[in-house]
Amino acid sequence: MIDVTDHNVNYIENDLLKQIKKEKIFVVDKNWFGGCWKLEDYLCAEKKLDLIINEITKLASSPFESFILAYYFASDREFKFAPKGSPFQSARSYVDAINSGYCVCVGFATILKRLCEKLNIECAVQGCYAKNKFGKIVNHANNLVVLNDEKYGINGLYYSDSRMDCLDFAKESNGLFTKFNFLAMPITDIGKIQIKVWQDDTIIEMNDFQSLYYTRQVSENDKEYLSKFFSESTLKNIMKYKYCKPIHENKIIEALKNLCFNEDEINEIQKCYFSRKQMFFSDINSIAPKNEWEKRLAFKKYLKEFVSHSGRKKDVTKLDCATFVNYVFKNFFDVDILQAGFGKSWTGKIMTSALGNQMLVEENLSLSEKLSFIDTKCKIGDILFFHRQSKCDNHTTCDNWYPGHCGIYLGNYKYIDSRLTTRGNIEIVSMENDNYMQYFIGCKDIISDLEKFSEIEKQL
């Protein structure tokens, strides 16, 4: 048994493997995207990849051009499930996907990863969870790649999803040549396009590094996972990147011209970019608010101005927490949350508002468990609730479950807080060091539901 788990097998090592007698020798990769293969099958897949690498090195003159061609070859296959009863890895490991022709999202991601490794481009496979309209949890896999190319002025961490640009998907997209629609997508487009393409699927949680799209800090689990793919120096740089960057379509078109793609294909690509919003976003308003991410980031900037006293009215600091939350939502989004609420306190009215989706935590969770809840459930602009109505009654009961305090989440385990009784000021509080976290009971997403508010107002 030859174990290649978390190891980039180089050309010299592959040459040595070719000299081994192939009978009863197996190669194993113990990662979730790996598998166990006969040595001859492993070498067969490696040989096919090496032929592709030879073609890439003949054509490409820079890292970005090499990656574009690797992405092209990785996506140049159909999405196809293995027959019933086949081993789990049959359509998921790059060896099986290349040899058998069966390939699902993990197969696309692992093929691209292996090609990048052979081109000395650091690339990670990442997974995410999604929930469809029936509430069923489904899995998906894609890639993170680090590119540094002076020729095109590219340097950073980039998201790509070759499964979404595969052959059968191109057929579903009105015949448009979609090979590079999901190469280095802008952060603001990723969730929306997957929602539309997956027919009402919505991303509910992202693990590995993809969770950075929701602006949380990198956890130790992230670092441990990413260290399998990225060198120590690159990993340090990734921490500075924070977000995946987009690559402008003009740079992709320029690279394709330098790689001598034919004019018809390039014209189709330009047409596809031009029509991307029509192609994917035609009914997006019925699924999620348009430009929701931009709204959240703009709201965060607006809230931070209050902390810095920029443009803030003096009397704002005299407001209690619930009135302050209502004030900033009213001022920025022109919505009155209190009008749509039914609780017996002002904070309770915000929590029980007909506007937005409410999520509660289980009682008696530890601080780390509550932070984990915030990590996976909360987005910038969500309202956080704490149950502290009095010194004598800090725990929820059947008769008394309305929260006594609230704030607005800013990402990175921080929220903006107005505590009139204790500090008489507005400030940004770190949840990791905040005593109020022992009273944290849940959050509410108002921003994703803003479009419905006008209808609620009419009914009141």
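Since the structure is predicted, the reported quantities are computational estimates derived from the model, not experimental observations.
- For the pair Y439/P403, no side-chain contact is recorded, criterion being any heavy-atom separation below 4.5 Å from C-beta on.
- With sequence neighbours excluded, the residues that form a side chain to side chain donor-acceptor pair (under 3.5 Å) with Q89 are D96.
- Expressed to the nearest 0.5 Å, how far CG of L39 lies from CE of M1 amounts to 11.5 Å.
- In this structure a side-chain-to-backbone donor-acceptor pair under 3.5 Å is missing from K80 to C103.
- You'll find the side chain of L112 stays beyond 4.5 Å of the side chain of Y94, heavy atoms only.
- More than 12 heavy-atom neighbours from other residues, nucleotides or ligands sit within 6.0 angstrom of CZ on F26.
- Take F64 and apply the ring pair (Phe, Tyr, Trp, His ring centres under 6.0 Å) test, not counting sequence neighbours, and it matches Y152.
- Taking every heavy atom of both residues into account, G381 and F329 meet most closely at O-CZ, 3.5 Å.
- Between the side chains of D336 and N326, at least one donor N or O sits under 3.5 Å from an acceptor N or O.
- D29 meets the side chain to side chain contact (heavy atoms under 4.5 Å, CB included) test with V4, T5, N31, F33, W37; sequence neighbours excluded.
- In this structure, F324 CZ and I408 CD1 are separated by 5.5 Å, a value rounded to the nearest 0.5 Å.
- A heavy-atom distance below 4.5 Å is found between the side chains of I98 and I111.
- There is a side-chain donor-acceptor pair under 3.5 Å between E369 and S366.
- Considering only heavy atoms from C-beta on, Y159 comes within 4.5 Å of Q126 through its side chain.
- Within the 4.5 Å cutoff, side-chain heavy atoms of N14 are placed close to those of K118.
- For the ring pair (Phe, Tyr, Trp, His ring centres under 6.0 Å) test with Y415, the passing option among Y409, F386, F440 is F386; the others fail.
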So F373 and E362, side-chain contact (heavy atoms from CB on, under 4.5 Å) or not? Walk me through it.
CA-CA 10 Å; F373 173 91; E362 297 178 11; over 6 Å; no

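- Taking each heavy atom of C123 and F230 in turn, the nearest pair found is N-CE2, 3.8 Å.
- For the atom pair CG of L367 and OG of S372, the computed distance is 11.0 Å after rounding to the nearest 0.5 Å.
- Across I446 and L355, no two heavy atoms sit closer than the pair CD1-O, 3.2 Å.
- The heavy-atom pair separating S162 from A109 by the smallest distance is OG-N, 4.4 Å.
- No close placement of the Y71 and F73 rings is indicated, their centers lying 6.0 Å or farther apart.
- Considering only residues two or more places apart in sequence or on other chains, K228 meets the salt bridge (charged side-chain N to carboxylate O under 4.0 Å, His left out) condition with none of them.
- The shortest non-hydrogen separation linking C378 to L384 is SG-CD2, 4.0 Å.
- Taking 4.5 Å as the limit, some side-chain heavy atom of F385 sits within range of a side-chain heavy atom of I383.
- With sequence neighbours left out, the side chain to side chain donor-acceptor pair (under 3.5 Å) criterion links S231 to E122, S233, T234.
- Not counting sequence neighbours, the partners of F332 by the ring pair (Phe, Tyr, Trp, His ring centres under 6.0 Å) test are F299, Y302.
- In this structure A91 satisfies the side chain to side chain contact (heavy atoms under 4.5 Å, CB included) test together with A82, Y102, V104, sequence neighbours excluded.
- Shown here for G107 and A97, the closest heavy-atom pair between the two residues is CA-CB, 4.4 Å.
- Take R114 and apply the salt bridge (charged side-chain N to carboxylate O under 4.0 Å, His left out) test, not counting sequence neighbours, and it matches E46, E117.
- Under a 3.5 Å cut-off, the side chain of K414 and the backbone N or O of M431 do not form any donor-acceptor pair.
- In K38, the NZ atom is not crowded: 12 or fewer heavy atoms of neighbouring residues, nucleotides or ligands sit closer than 6.0 Å.
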Candidate pair I337 and M351, rule side-chain contact (heavy atoms from CB on, under 4.5 Å), full reasoning:
CA-CA 9 Å; I337 303 170; M351 189 172 182; over 6 Å; no

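- To the nearest 0.5 Å, atoms CG (N357) and CG (D445) are separated by 6.0 Å.
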Could you walk me through whether H405 and D417 pass the side-chain contact (heavy atoms from CB on, under 4.5 Å) check?
CA-CA 9 Å; H405 186 62; D417 185 21; 2.8 Å; yes

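- Counting only heavy atoms from C-beta outward, the side chains of I2 and V28 never approach each other to under 4.5 Å.
- Residues satisfying the salt bridge (charged side-chain N to carboxylate O under 4.0 Å, His left out) test with D6, not counting sequence neighbours, are none.
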Are I428 and K304 close enough, and set up right, to give a side-chain contact (heavy atoms from CB on, under 4.5 Å), and what steps lead you there?
CA-CA 8 Å; I428 294 175; K304 292 181 98 172; 4.3 Å; yes

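- The closest donor-acceptor contact from the side chain of T110 to the backbone of V106 lies under 3.5 Å.
- Judged by distance alone, the side chain of K444 and the main-chain N or O of S353 form a donor-acceptor pair under 3.5 Å.
- Among residues two or more places apart in sequence or in another chain, the side chain to side chain donor-acceptor pair (under 3.5 Å) test is passed with N143 by none.
- In this structure, the separation between CG on L167 and OG on S75 is 7.0 Å, given to the nearest 0.5 Å.
- Interatomic distance, S93 OG to N99 CG, rounded to the nearest 0.5 Å: 8.5 Å.
- Scored by the side chain to side chain contact (heavy atoms under 4.5 Å, CB included) test, C105 finds H140, A141, R163 as partners (sequence neighbours excluded).
- Residues I121 and S66 meet the side-chain proximity criterion, which asks for heavy atoms closer than 4.5 Å.
- For D382, the salt bridge (charged side-chain N to carboxylate O under 4.0 Å, His left out) test picks out R296, with sequence neighbours left out.
- Figure legend: cation-pi geometry between R77 and F79 absent, as NZ or CZ is not positioned both under 6.0 Å from the six-membered ring centre and within 45° of its axis.
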